[in-house]
Colleague: 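To start, I am sharing the structure in question, which I have written as structure tokens.
Atom set for the values below is all heavy atoms of this structure, side chains included, hydrogens, waters and symmetry mates excluded. These numbers come from a predicted model, not from an experiment. Naming convention: chains lettered A, B, ... in sequence-line order (proteins, then strands); numbering from 1 in each chain.
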Protein chains: 2
Amino acid sequence: MLSTQPQLAVSTVIFALRKTGAESPATLWLPLVRRIREPFGGRWALPGGPIRASESLSDAAGRNLLETTALTPQYLEQLYAFGTVERSPGTRVVSIVYWALVEAEEAERAAEGENVRWFPADDLPELAFDHNAIVGYALWRLRNKMEYSRIAHAFLGERFTLAQLREVYEAVLGRPLDPANFRRQIEATKSVVATEERQSGGRHRPPRLFRYNESFDLADNGPLPHA
Amino acid sequence: MLSTQPQLAVSTVIFALRKTGAESPATLWLPLVRRIREPFGGRWALPGGPIRASESLSDAAGRNLLETTALTPQYLEQLYAFGTVERSPGTRVVSIVYWALVEAEEAERAAEGENVRWFPADDLPELAFDHNAIVGYALWRLRNKMEYSRIAHAFLGERFTLAQLREVYEAVLGRPLDPANFRRQIEATKSVVATEERQSGGRHRPPRLFRYNESFDLADNGPLPHA
DNA sequence: CTAAGTAAAGGTACAAATGACTAGAACAGA
DNA sequence: TCTGTTCTAGTCATTTGTACCTTTACTTAG
């Protein structure tokens, strides 16, 4: 009876924004882990692992992420449970996949190693299992969610300019946005609060620094019990 | 190693619309199953069961639903994987929950029994496990999805009037909609196609019957691999 | 046969949100 | 001081959303 039960695991698709050059626009990157065992030995895969008896699913996702990539995400949300019969050769595996966001600074700190490397999200190699499709779905969810929620903030630090926030939107949505109209829309939602500080150093008018409105629902996930 | 693995199950929240009186507005109902074993013996719970080695998660949800309630849903979508440590006393259970819609006629056919009964979604008794919270979340997803997709059709049959379609929206969203504006919006999306038939019998101008546009994405779930 | 009642179906008027665009303000660096 | 750049505020046309009105076409009562 128990022997026919599918094997259960959690994995996480975690995105960060990276700027390759000073002029080039930022793009989405994600860390992958090299598999050492079969099946798919040597291939790159999403970080993940088993669930312990004492931890919830989201805790398991966070722990596995920390253990394999040393990253602590700013945002973590369940993506989907994948469980077709043939997705893992040999064993039946059900993967509960999370998706997450880290800010750029935090992503820098987590050094790459022989078995952990960052890849551009829109140009991945052939991954283990169905992980290419999973990343594709995570990307869709992220882009979708950018349009009706305020998760963009998870890519940024404590204080930021509206230009930086706009850069996040432009990178994820993949199209340029009008600075003036963007400002109007963001200010209308009141998701953001102006501080008195400004950022100097640029060869132009110093932009005002903003911070996020604490009393603002960033994710818009409904009455979701933590799980 | 395997002994510490959580037990895996699927459950389904399945909604249908019911009209109690001719004048009263339609409301959401869902079938529940009486538990015979402990824990929560005697309590009402969501229909569900274990996953077989040969079936996918959605197949398992559909099969368990058919076996316990004799219902075949018009629409079936994964809701969430619930897996906190304390959600089932004694054993650790991870439930992959689906939500589904059936049209009224199909719901009528599935007779109630001693151990299966329909309940109004907004007035449930105390259910087993965390199932009250799960239904609440499913309701939120349904209402949310009504606003940006065309799932409403899953509540109706092959042909329907715009008034019937509007009734579905009004029941789920819980507020009246302007008939004229509703018509304009629906026709603008082209999700619906006018037939030449009209529905006679009412004491008023006979409304035109519509059918759904086949080449129209009803769910808007993105590049989701079946799972 | 006619009048009354009802919902269908089409249309108008106003408000709000959005998108394209213009222009002055405020800095760094030459 | 001049120049290049971005920040920031504002205008205007268009689209979208909401409220409401009118006519049409049927059924039923008398």
Colleague: Expressed in angstrom and rounded to an integer, what is the separation of B/Glu167 atom CD from C/dA8 atom C1'?
Modeller: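 Interatomic distance, CD of B/Glu167 to C1' of C/dA8: 15 Å.
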Colleague: Starting at CZ of B/Phe182 and ending at C1' of C/dA7, how long is that distance when rounded to a whole Å?
Modeller: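 One finds 15 Å between C1' of C/dA7 and CZ of B/Phe182, rounded.
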Colleague: Please step through side-chain hydrogen bond (donor to acceptor under 3.5 Å, both in side chains) for the pair A/Asn181 and A/Arg184, ending with a clear verdict.
Modeller: CA-CA 5 Å; A/Asn181 293 338; A/Arg184 206 183 29 190; 3.3 Å; yes
Colleague: Does the separation of the ring centres of A/Phe15 and A/Phe155 fall below 6.0 angstrom?
Modeller: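 Not under 6.0 Å, so no.
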Colleague: OP1 or OP2 of C/dG19 versus the side-chain N and O atoms of A/Gln185: is any pair under 4.0 Å?
Modeller: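 Yes, A/Gln185 has a side-chain N/O under 4.0 Å of OP1/OP2 on C/dG19.
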Colleague: Rounded off to whole Å, could you give me the CG-to-P distance for the A/Leu173 and C/dG19 pair?
Modeller: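 Result: 12 Å.
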Colleague: Which of the following nucleotides, D/dT11, C/dT12, C/dA8, is nearest to the side chain of B/Arg184?
Modeller: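 Looking only at heavy atoms from C-beta outward on B/Arg184, the closest nucleotide is C/dT12.
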Colleague: Hey, which sits more toward the 5' end of DNA chain C by its nearest nucleotide, B/Pro179 or A/Gly202?
Modeller: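 Per heavy-atom nearest nucleotide, the more 5' residue is B/Pro179.
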Colleague: Of all the nucleotides listed (C/dA20, D/dA9, C/dC27), which has the minimum atom distance to the side chain of A/His204?
Modeller: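 That would be C/dC27.
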Colleague: Select from B/Pro206 and A/Pro206 the residue whose nearest nucleotide in DNA chain C is closer to the 5' end of that strand.
Modeller: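 Nearest nucleotide further toward 5': that of B/Pro206.
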Colleague: Taking the side chain of A/Arg198 as heavy atoms from C-beta outward, which of D/dC26, D/dT8, C/dA26 is closest to it?
Modeller: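 Within the option list, the nearest is D/dT8.
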Colleague: In this structure, how many angstroms lie between the P atom of C/dA26 and the CD atom of A/Glu197, rounded?
Modeller: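 Computing the A/Glu197:CD to C/dA26:P distance gives 19 Å.
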Colleague: Is A/Ile134 close to A/Leu127 at the side-chain level, that is, under 4.5 Å between some pair of heavy atoms?
Modeller: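 No, every pair of side-chain atoms sits at 4.5 Å or beyond.
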Colleague: Report the distance from atom CD of B/Glu187 to atom C1' of D/dG17, rounded to the nearest whole Å.
Modeller: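 After rounding, the reported distance stands at 16 Å.
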Colleague: Looking only at the side chain of A/Asp178 (C-beta and beyond, no hydrogens), which of the listed nucleotides D/dT8, C/dC21, D/dC26 gets closest?
Modeller: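 Given the options D/dT8, C/dC21, D/dC26, the side chain of A/Asp178 is closest to C/dC21.
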Colleague: Where is the tightest heavy-atom contact between A/Thr72 and A/Val102, given as atom of each residue plus distance?
Modeller: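 Answer, listing the atom of A/Thr72 first, then A/Val102: O-CG1, 3.5 Å.
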Colleague: Of the nucleotides D/dA9, D/dC7, C/dA9, which has the atom closest to the A/Ala180 side chain?
Modeller: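 Side chain of A/Ala180 sits closest to D/dA9.
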Colleague: In whole angstroms, how far is the P atom of C/dA7 from the CD atom of B/Glu170?
Modeller: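 After rounding, the gap between these two atoms is 13 Å.
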Colleague: Tell me the closest heavy-atom pair linking B/Asp217 and B/Asn221, and the distance in Å.
Modeller: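 Scanning both residues, the minimum pair turns out to be OD2-N, 4.4 Å.
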Colleague: Mind calculating the distance between CD (A/Gln164) and P (D/dC7) to the nearest angstrom?
Modeller: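 Atom-to-atom, A/Gln164 to D/dC7, this comes out as 10 Å.
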Colleague: Figure out the CZ/C1' separation between A/Arg183 and D/dT6, and round it to whole Å.
Modeller: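 For the pair A/Arg183 CZ and D/dT6 C1', the rounded distance is 10 Å.
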Colleague: Starting the side chain at C-beta, find the nucleotide from C/dG19, D/dC26, C/dA9 nearest to A/Asn181.
Modeller: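 In terms of side-chain proximity for A/Asn181, the closest of C/dG19, D/dC26, C/dA9 is C/dG19.
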Colleague: Measure distances between side-chain N and O atoms of B/Arg205 and base N and O atoms of D/dC26, and say whether any donor-acceptor pair falls under 3.5 Å.
Modeller: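 Side chain to base: no pair below 3.5 Å.
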Colleague: Considering only side-chain heavy atoms of B/Arg203, which listed nucleotide, D/dC7, D/dT27, D/dG10, is closest?
Modeller: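 Shortest atom-to-atom distance from the side chain points to D/dT27.
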Colleague: When you get a sec, tell me which of C/dA8, D/dT8, D/dT18 is the closest nucleotide to the side chain of B/Ala163?
Modeller: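 Selected nucleotide: C/dA8.
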